[in-house]
2 protein chains.
Amino acid sequence: MPLHHAVMALLADGPSHGYELKGRFEEAIGPQWGGLNIGHLYQVLDRLVRDGHVTRVHVAQSDRPDKNAYQLTGQGRQELREWATSPWVRTSGFRDELFLKLLGAARLGPEALAELVAAQRETYLADIGALTRLRRERGQEPLVALLIDAAVAHTKADLATVDSAEARLADVAHAAVMTGAECGSMDGMEPPGIPPGRRRFPPVEVRRQSRE
Amino acid sequence: MPLHHAVMALLADGPSHGYELKGRFEEAIGPQWGGLNIGHLYQVLDRLVRDGHVTRVHVAQSDRPDKNAYQLTGQGRQELREWATSPWVRTSGFRDELFLKLLGAARLGPEALAELVAAQRETYLADIGALTRLRRERGQEPLVALLIDAAVAHTKADLATVDSAEARLADVAHAAVMTGAECGSMDGMEPPGIPPGRRRFPPVEVRRQSRE
DNA sequence: GTACTCCTGCATTGTCGCAATGTAAGGGCG
DNA sequence: CGCCCTTACATTGCGACAATGCAGGAGTAC
């Protein structure tokens, strides 16, 4: 995710340096985000300097290793304001690895689908449990509480999706078995030419719809 | 997102080549995913070949430009099965750009937050409308219908989040204004040293909690 | 021949994580 | 005191993958 705007948001409170910014970020956004990688952060800071959103000032310290202080520029402040007040518009569709797994499992047959659904269900329940625990620990900060609630809502929606998936995809999964997705072998040899039999999409007719 | 497993899932139906795989993918996963970049796809195929999940066979054609056919190997088939039947476990926390925007807007003050919330609300409503339309057009395929429903559910959850955000973050936003996040100027000069006044996080005491 | 589709590859940018480096403060110990 | 070890602080570099875009060959249709 584009971290650089969030870094600018933190810098709006006053200059800071890489190591401290990591602390500020994790303090502000809460534990459900997951740790912020420090190497990534410095790359982001480099880019912000390069683009003129932030200036770097070297600060010598006697009692500690030197550090680089980063400060928001006027241009950066303006950029931040624009970003923070404009909505997030989905640029690349609804992409979720779960979707791909459902596609794969459905094509593998009903047993594979059932296995995925059951396992995924457990995972989501565990996630919700962990989030609930987090919420108890860090629920005082309003932003953190809000974000945790949002994460829980997402997970519950996902749970409902997988719960309905097995029934709704039963036909697909059953059809997949018949068309040869399951007939193993044919590992190594099978020389060129593409065996023309058993292919569901002959020349496939790529339909370009008017989106994008 | 890790596309390569999905490509393997498509190849489970039989060998294919890059351009056709793009068509198969968009056919199978539906329009809500968004277009698949062809360049990306070839990168993925290269990696699959490198890792032994897929073999490439050059196919000469008289009536068209030559093409490369890709075929799943036994190892690839096994890898596919493992991936498709194991749940997706969130590795990197709940990361949503909306969360970062809320953080940024809240720090900018109540007006910025209100602006973001209103705009985001409109965006989500428009998304839901577009998805509903899609659902009418492509709702026959069970997988596509399921994925669109999942996308709608997610968006509705997001909608609820932003709707509650303004009230729940009012205190944070108000506090932000007082602490100087809004006092403009200080663009260019302001030489080194980091003005020690007006900083909410003096040495900041990075608390490392026991996660990860 | 030129416009177009099919098909592929490369270059570039951004995201993300790990590992390595260097400085300095603090503690134990002969 | 001089030595070593650990911990905290602070930064940098490397490498993999994701994603987009552009260039271009090769054939077809006019």
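Numbered from 1 within each chain, the chains take letters A, B, ... in sequence-line order.
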Tell me the interatomic distance from B/Leu45, atom CG, to D/dA18, atom P, rounded to whole angstroms.
12 Å
Classify the nucleic acid contact of A/Gly18 as base, sugar-phosphate or nothing, counting any heavy atom under 4.0 Å across all strands shown.
sugar-phosphate
Closest to the 5' end of DNA chain C, once B/Ile38 and B/Gln43 are matched to their nearest nucleotides, is B/Ile38
Specify the separation, in whole Å, of atom CH2 of A/Trp33 and atom P of C/dG17.
11 Å
Could you state the CD-C1' distance from B/Glu97 to C/dG14, rounded to the nearest angstrom?
13 Å
Look at the side-chain N and O atoms of B/Tyr42 and state whether any lies under 4.0 Å from the OP1 or OP2 oxygen of C/dG9.
no
Winner on side-chain proximity to B/Arg95, out of C/dG17, D/dA18, D/dT11, is C/dG17
Can you tell me if the side-chain N/O atoms of A/His40 get under 4.0 Å from OP1 or OP2 in C/dG17?
no
Rounded to whole angstroms, how far apart are CG on B/Leu48 and P on D/dA18?
10 Å
Hey, is A/Glu26 close enough to A/Lys22 for a salt bridge, meaning N to O under 4.0 Å?
yes
Considering only heavy side-chain atoms of B/Lys67, the closest of D/dT11, C/dC18, C/dT8 is C/dT8
Quick one: which of D/dA19, D/dA10, D/dC17 gets closest to the side chain of B/Arg47?
D/dC17
Taking the side chain of A/Arg50 as its heavy atoms from C-beta onward, which of D/dT11, C/dT15, C/dG14 lies nearest to it?
C/dG14
In whole Å, I'd like the distance from the NE2 atom of A/His4 to the C1' atom of C/dC16.
15 Å
Please check if the side chain of B/Arg56 supplies one atom and the backbone of B/Val49 the other of a donor-acceptor pair under 3.5 Å.
no
When the ring planes of A/His5 and A/Trp83 are compared, do they come out parallel, tilted or perpendicular, using 30° and 60° as the limits?
parallel
Please tell me which of B/Thr91 and A/Asp66 maps to the more 5' nucleotide of DNA chain C, matching each residue to the nucleotide holding its nearest heavy atom.
B/Thr91
Yes or no on side chain to side chain contact (heavy atoms under 4.5 Å, CB included) for B/Trp88 and A/Leu100, after CA distance, side-chain angles and deciding distance?
CA-CA 10 Å; B/Trp88 175 54; A/Leu100 302 180; over 6 Å; no
